[in-house]
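Okay, so here's the structure we're looking at.
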Amino acid sequence: MKRIAIIGGGISGLSAAFALEKHRLAGAPLEYVLFESTARLGGVLVTERVDGCLVEAGPDSFLTEKPWASDLCREVGLGDQLIGSNDADRKTYILVKGRLVAIPDGLMFMVPTKITPTVLSPLFSARAKMRMAREWFHPPRKADADETVASFVERHYGSEMVDRLADPLLSGVYGGEASELSVRAVLPRFAEMEATHGSLGRAMLAARKKIAFASKAPARPLFTSLKDGMQQMVDA
């Protein structure tokens, strides 16, 4: 009989246990034990209610284009709880020097696709805006090895973009820092864009034009979450 240890009861560990349990019930000769050092399961997925408001202490959503989280939610009976982001009205704010600053229109994660809103935005310094302009001339580069998101973003846009966009945005989806996340795992499309176009800005505009030409169907929501919070996945 195969004996398996699962280290950590976050969503990855719970998903592994869920998959193994299906194999065990189907007759596979295995047993498993999940080890968790804290008093609760779920890792960084924590949902709280504060003064009648639903507050996510960790990741607040997952990317719609990656279907596995949605599939898992449906499998554990949460299909009717799935909700998409209202991208037309959605505003994201970054805390900069004690005040909230809105992410400018046309910014696709960290890639500016509209010049005027980015130039006028107080979110970035003049030096960072110059780096964004130079990024359009970034040569194609096919990486021989993986690297962190922080390293990747810094090569294209500088350290300010890591601090003010990559870290806060990624923590909202992955619950981790850019210096600890793999580009190939988290942003594989960006790695492909760098290899084919060099500049992420030019690649993003080319991709948007191609999508607009190919289909007139309404775009899917960028993010998907659960009505009563992401901890529903853990509890289910």
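Residues Arg40 and Gln231 meet the side-chain proximity criterion, which asks for heavy atoms closer than 4.5 Å. Within the 4.5 Å cutoff, the side chain of Phe190 has heavy atoms near those of the Val111 side chain. Contact annotation: the side chain of Arg202 never approaches that of Met193 to less than 4.5 Å [non-hydrogen atoms, C-beta and beyond]. With contacts defined as side-chain heavy-atom distances shorter than 4.5 Å, the pair Phe152/Arg184 does not qualify.
With rounding to the nearest 0.5 angstrom, the OG atom of Ser12 is 13.0 Å from the CD1 atom of Ile7. To the nearest 0.5 Å, atom CE of residue Met204 and atom CG of residue Leu107 are 9.0 Å apart. Atoms CG and CE, from Leu169 and Met110 in turn, are 10.0 Å apart once rounded to the nearest 0.5 Å. The line from CD of Glu56 to OG of Ser61 is 8.5 Å long, rounded to the nearest 0.5 Å. For the atom pair Met130 CE and Phe124 CZ, the distance stands at 15.5 Å (nearest 0.5 Å). The structure places NE2 of His197 at 10.0 Å from CG of Leu205, a figure rounded to the nearest 0.5 Å.
Counting non-hydrogen atoms of neighbouring residues, nucleotides and ligands closer than 6.0 angstrom, the CD1 atom of Ile115 reaches no more than 12 such neighbours. Other residues, nucleotides and ligands contribute at most 12 non-hydrogen atoms within 6.0 Å of the CZ atom of Arg127.
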For this session: Output, in order, the C-alpha distance, side-chain angles, deciding distance and verdict of salt bridge (charged side-chain N to carboxylate O under 4.0 Å, His left out) for Glu160 and Lys129.
Result: CA-CA 10 Å; Glu160 184 177 310; Lys129 292 171 184 177; over 6 Å; no
For this session: Using the side-chain hydrogen bond (donor to acceptor under 3.5 Å, both in side chains) rule, take Thr224 and Thr64 through it: C-alpha gap first, then chi angles, then the decisive distance, then the call.
Result: CA-CA 5 Å; Thr224 299; Thr64 303; 2.8 Å; yes
For this session: Carefully, step by step, assess His138 and His156 under the rule side chain to side chain contact (heavy atoms under 4.5 Å, CB included).
Result: CA-CA 7 Å; His138 198 287; His156 281 265; 3.7 Å; yes
Exercise. Going through the distances and angles, do Glu194 and Arg155 end up as a salt bridge (charged side-chain N to carboxylate O under 4.0 Å, His left out)?
Worked result: CA-CA 11 Å; Glu194 183 184 51; Arg155 282 197 296 101; 2.7 Å; yes
Problem set entry | Verdict with reasoning, Arg189 to Glu65, per salt bridge (charged side-chain N to carboxylate O under 4.0 Å, His left out) | CA-CA 11 Å; Arg189 286 182 60 194; Glu65 71 172 15; 3.2 Å; yes
For this session: Please lay out, stage by stage, how Val183 and Asp146 fare under the test side chain to side chain contact (heavy atoms under 4.5 Å, CB included).
Result: CA-CA 7 Å; Val183 166; Asp146 198 5; 4.1 Å; yes
Exercise. Leu181 and Thr148: side chain to side chain contact (heavy atoms under 4.5 Å, CB included), yes or no, with the steps?
Worked result: CA-CA 5 Å; Leu181 295 170; Thr148 67; over 6 Å; no
Exercise. Please walk me through it: do Asp228 and Arg49 pass salt bridge (charged side-chain N to carboxylate O under 4.0 Å, His left out)?
Worked result: CA-CA 10 Å; Asp228 289 327; Arg49 288 195 175 272; 3.6 Å; yes
Exercise. After noting the C-alpha distance and the side-chain angles of Ile103 and Leu123, does the key distance pass the side chain to side chain contact (heavy atoms under 4.5 Å, CB included) rule?
Worked result: CA-CA 7 Å; Ile103 291 180; Leu123 182 59; 4.3 Å; yes
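Note: the hydrophobic cluster containing Leu100 does not contain Val96 (ILVMFWY, side chain heavy atoms under 4.5 Å, direct or indirect links).
Of the possible polar contacts, one joining the Thr118 side chain to the Lys114 backbone as a donor-acceptor pair under 3.5 Å is found. Checked by atom type and distance alone, the side chain of Asp105 never pairs as donor or acceptor with a backbone atom of Pro117 at under 3.5 Å. Between the side chain of Glu177 and the backbone N or O of Ser179, no donor-acceptor pair lies under 3.5 Å.
Between Ala5 and Phe35, the shortest heavy-atom distance links the atoms CB-CE1, 4.0 Å. In this structure, Ala150 and Val162 approach most closely via the heavy-atom pair O-CG2, 3.6 Å. Considering all non-hydrogen atoms of both residues, Lys66 and Pro188 come closest at NZ-CD, 4.5 Å. In terms of heavy atoms, Glu135 sits closest to Gly201 at OE1-N, 3.3 Å. The two residues Ala195 and Pro140 come nearest to each other via the heavy atoms O-CB, 3.6 Å. Closest of all the heavy-atom pairs between Glu36 and Gly9 is OE1-N, 2.7 Å.
We find that Arg131 and Glu154 are not joined by a salt bridge, their nearest charged nitrogen and carboxylate oxygen being 4.0 Å or further apart.
No option in Lys2, Arg3, Arg24 other than Arg3 meets the salt bridge (charged side-chain N to carboxylate O under 4.0 Å, His left out) test with Glu31. When each of Lys227, Arg74, Gln232 is checked for a side chain to side chain donor-acceptor pair (under 3.5 Å) with Gln81, only Gln232 meets the rule. With Phe223 as reference, Leu63 is the one residue of Leu63, Asn86, Ile83 to meet the side-chain contact (heavy atoms from CB on, under 4.5 Å) rule.
The other members of the hydrophobic cluster of Leu82, by chain and number, are Ile4, Ile6, Ile11, Leu14, Phe18, Leu20, Leu30, Tyr32, Leu34, Leu41, Leu45, Phe62, Leu72, Val76, Leu78, Leu226, Met230, Met233, Val234 (side-chain heavy atoms under 4.5 Å, ILVMFWY only). If you chain together ILVMFWY residues whose side-chain heavy atoms come under 4.5 Å of each other, Val46 ends up in a group of its own.
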